[in-house]
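Contents: one structure, followed by commentary.
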Amino acid sequence: VLPTKDEPRWIQDQTRFQNKLAELGYDAEILFSQADPSMEKSNVEALITKGVEVIILCPHDSAAAAASAEAARDAGVTVISYDRLITDTEAVDYYVTFDSVAVGEAQAQYLVDKAEGNWNPLYLYAGAATDNNAFLFFEGAWNVLQPKIVDGTFYIVNSSQAVELQETAELTRDEMGDIISQITTNWDFDDAKSLAEANLTAASADDKGDVFILAPNDGTARAIADAFGADTDVDSFVVTGQDAEIASVQYIIDGKQSMTVLKDVRNLVDDAISVAVSVVEGETVQTTGEYDNGVTMVPAIQSEVITVDRSNVIEAIIESGYWDASEFTGLDQLEEVEEEEEEAGIDLEICGTDEEVTITYVGDPVDTSKAAELATIERFNEYCPNITVNRIDGDPSTTDLLASYFTVFEAESSDLDVIRVDVVNPGVLAEHLLDLNPYTPDAQKASYIPSLLVNNTVDGRLVALPIPVSYTHLTLP
């Protein structure tokens, strides 16, 4: 029993179930509840009347589905909660799911990895308040985003409740519910677009520009992306998703959606059928965890999730056989970009960007490590020919290192990107840098050259550059 046939995700599941069950030679019936708990219960009762041994149920409303589960339990039917957890009842035998917290964490981590500098506008959106998964997704996202909100990387634009709770690392379910009530899309495309448009209308131009958007799934991501893409004050946006729907994979190829979390439905379907077959055959079900549904701990089988964006969409989606290449346009251009990057020797894991970046910094003119710095820069440029690093000697007329750096920096600041930051006294240096450049992160947290060099850039300008005493921190191969 699936929640609705009006969302592409559940048509995926229907197709996968039909194909797998036919392959195994089992008779099965797949019914849709059309987001109606009463229809869901009628579907379950109809299956009970037909004498089924196992019901795989994905609820629309997690709590309301308890009545359906209890009807099945009373009839001696095993209940497998599928993808979404049925709550507030003991009548759930097994839960087959993806790690929903990990999904939210993957979405949030993508936003964090793409953010540069401080005070980036963050728009939050969530699924339906009636869906337990919406809380798990948000919990995972909050785990990653909350520390980056506190440290100033992001600020929340569209939820006063989230702003009020932004200092709270671990939210209670009620606190999450307060936030979700303001940012819920109800898993509905139209609701998502209307909410995004309302948020943009209420936001100032300063809250737009380059924005970051936590969208809960692919359908809502496309709707929200369309709204943000139509706002002329939005220069760029990074938007998350999940489910790897065909339409969203195409959006990713076209550059309209930033990423999706691939929850390989083939694995989820296989796990659900494996549990059902074990029950029918009287075999022991192997579980990998358990979830609290508010009344009991439900034994669970979890599947892994994969982050997908333009950099790995061919490998993760096409080469894995998840979707056929014929479903999409523009794949040949992506392949050309990959070939160009390989020819140019640009490894995004090392370089962080494939864009042209020039960085100039002030270094110690008499430092014995100067030769090592220059050698390191030369080696870095071999791996990342798109990033040019220039080193300028500090003022040799003083023995005061700080004065040496600041003399040159203040004299040539219009032409320089960065002043050298040593590990000698990071606190003092951080204060000076913050005075000179409001985007500068805490010096202790900045990356060593050249490791993650571009993570400390804003508009191609490096704003903090610590030089270690030794070069053991390098991440080059």
Side-chain angles (χ1 to χ4, degrees), residues 97-127 133-157 159 162 165-166 168-171 176 179-180 183 210-218 220-221 224-225 236-244 248-249 251-252 255 257-264 302-313 315-317 347-354 441-442 445-447 451-458 475:
T97 184
F98 296 102
D99 187 339
S100 298
V101 173
V103 171
E105 290 174 340
Q107 292 173 327
Q109 189 60 53
Y110 193 87
L111 298 179
V112 170
D113 290 344
K114 294 299 179 181
E116 294 182 352
N118 292 338
W119 213 235
N120 295 287
L122 174 65
Y123 291 77
L124 302 174
Y125 297 96
N133 271 4
F135 286 81
L136 297 176
F137 297 145
F138 190 79
E139 177 187 341
W142 191 259
N143 289 344
V144 175
L145 290 175
Q146 188 269 342
K148 306 307 290 183
I149 294 167
V150 171
D151 75 6
T153 301
F154 298 108
Y155 71 95
I156 301 166
V157 178
S159 170
L165 292 164
Q166 67 184 20
T168 306
E170 294 185 17
L171 299 174
M176 280 192 281
I179 296 173
I180 290 173
I183 61 173
D210 300 319
V211 304
F212 294 80
I213 308 164
L214 178 73
N217 74 345
D218 280 349
T220 58
I224 292 167
S236 70
F237 57 85
V238 179
V239 61
T240 64
Q242 68 167 306
D243 293 333
S248 275
V249 173
Y251 259 48
I252 289 171
Q257 183 175 324
S258 308
M259 64 86 76
T260 187
V261 178
L262 171 60
K263 305 187 304 183
D264 195 329
Q302 299 169 308
S303 294
E304 67 172 6
V305 298
I306 301 169
T307 296
V308 179
D309 65 4
R310 294 184 93 223
S311 70
N312 69 337
V313 66
E315 176 186 2
I317 301 297
D347 186 334
L348 295 179
E349 290 295 322
I350 297 172
C351 306
T353 182
D354 56 6
D442 186 337
K445 296 179 182 177
S447 301
S451 174
L452 303 178
L453 200 61
V454 295
N455 286 353
N456 293 306
T457 63
V458 175
T475 57

Practice item. Heavy atoms only: give me the nearest Ser100-Leu136 pair and the separation to one decimal. Key: CB-CB, 3.6 Å
Review point. If you take all heavy atoms of Phe98 and Glu304, which pair is closest and at what distance?
Key: CD2-O, 3.7 Å
Revision key, fill the gap. Taken in chain and number order and not counting sequence neighbours, the residues that satisfy side-chain contact (heavy atoms from CB on, under 4.5 Å) with Leu262 are Ala244, Ile306, Val308, Ile317, Tyr322
Point to revise | Under 3.5 Å: donor-acceptor pair, side chain of Asp218, backbone of Gln242 | key: yes
Review point. Taking only residues two or more places apart in sequence, or in another chain, which ones meet Tyr110 in a ring-ring contact (aromatic ring centres under 6.0 Å, His included)?
Key: none
**Study point:** Partners meeting side-chain contact (heavy atoms from CB on, under 4.5 Å) with Phe135 (sequence neighbours left out)
**Key:** Arg173, Met176, Ile180
Exercise for review: Mind checking side chain to side chain donor-acceptor pair (under 3.5 Å) for Thr97 and listing every partner two or more places apart, or none if nothing turns up?
Suggested key: Tyr95
Practice item. Taking side chain to side chain donor-acceptor pair (under 3.5 Å) as the test, write out the residues that go with Gln166, two or more places apart. Key: none
Point to revise | Residues which pass salt bridge (Lys or Arg N to Asp or Glu O under 4.0 Å) with Asp99, listed by chain and number, not counting sequence neighbours | key: none
Check your understanding: Can you tell if the side chain of Val261 reaches within under 4.5 Å of the side chain of Met259, non-hydrogen atoms only?
Key -> yes
Review point. Any side-chain heavy atom of Gln146 sitting closer than 4.5 Å to one from Val150?
Key: yes
Exercise for review: Under the side chain to side chain donor-acceptor pair (under 3.5 Å) rule, collect the residues that match up with Thr168, sequence neighbours excluded.
Suggested key: none
Point to revise | Non-neighbouring partners of Asn143 that pass side chain to side chain donor-acceptor pair (under 3.5 Å), sequence neighbours left out | key: Glu105
**Study point:** Any donor-acceptor N/O pair, Gln257 side chain to Val239 backbone, under 3.5 Å
**Key:** no
Review point. Do you know which two heavy atoms are closest between Ala141 and Ala108, and how far apart they sit?
Key: O-CB, 3.5 Å
Review point. What residues form a side-chain contact (heavy atoms from CB on, under 4.5 Å) with Val112, not counting sequence neighbours?
Key: Gln109, Val144, Leu145, Lys148, Phe154
Point to revise | For Phe138, ring-ring contact (aromatic ring centres under 6.0 Å, His included) partners two or more places apart | key: Trp142
Study note, to complete from the structure: Minimal heavy-atom distance between Asn120 and Ala115, with the atoms involved, is ND2-CB, 4.0 Å
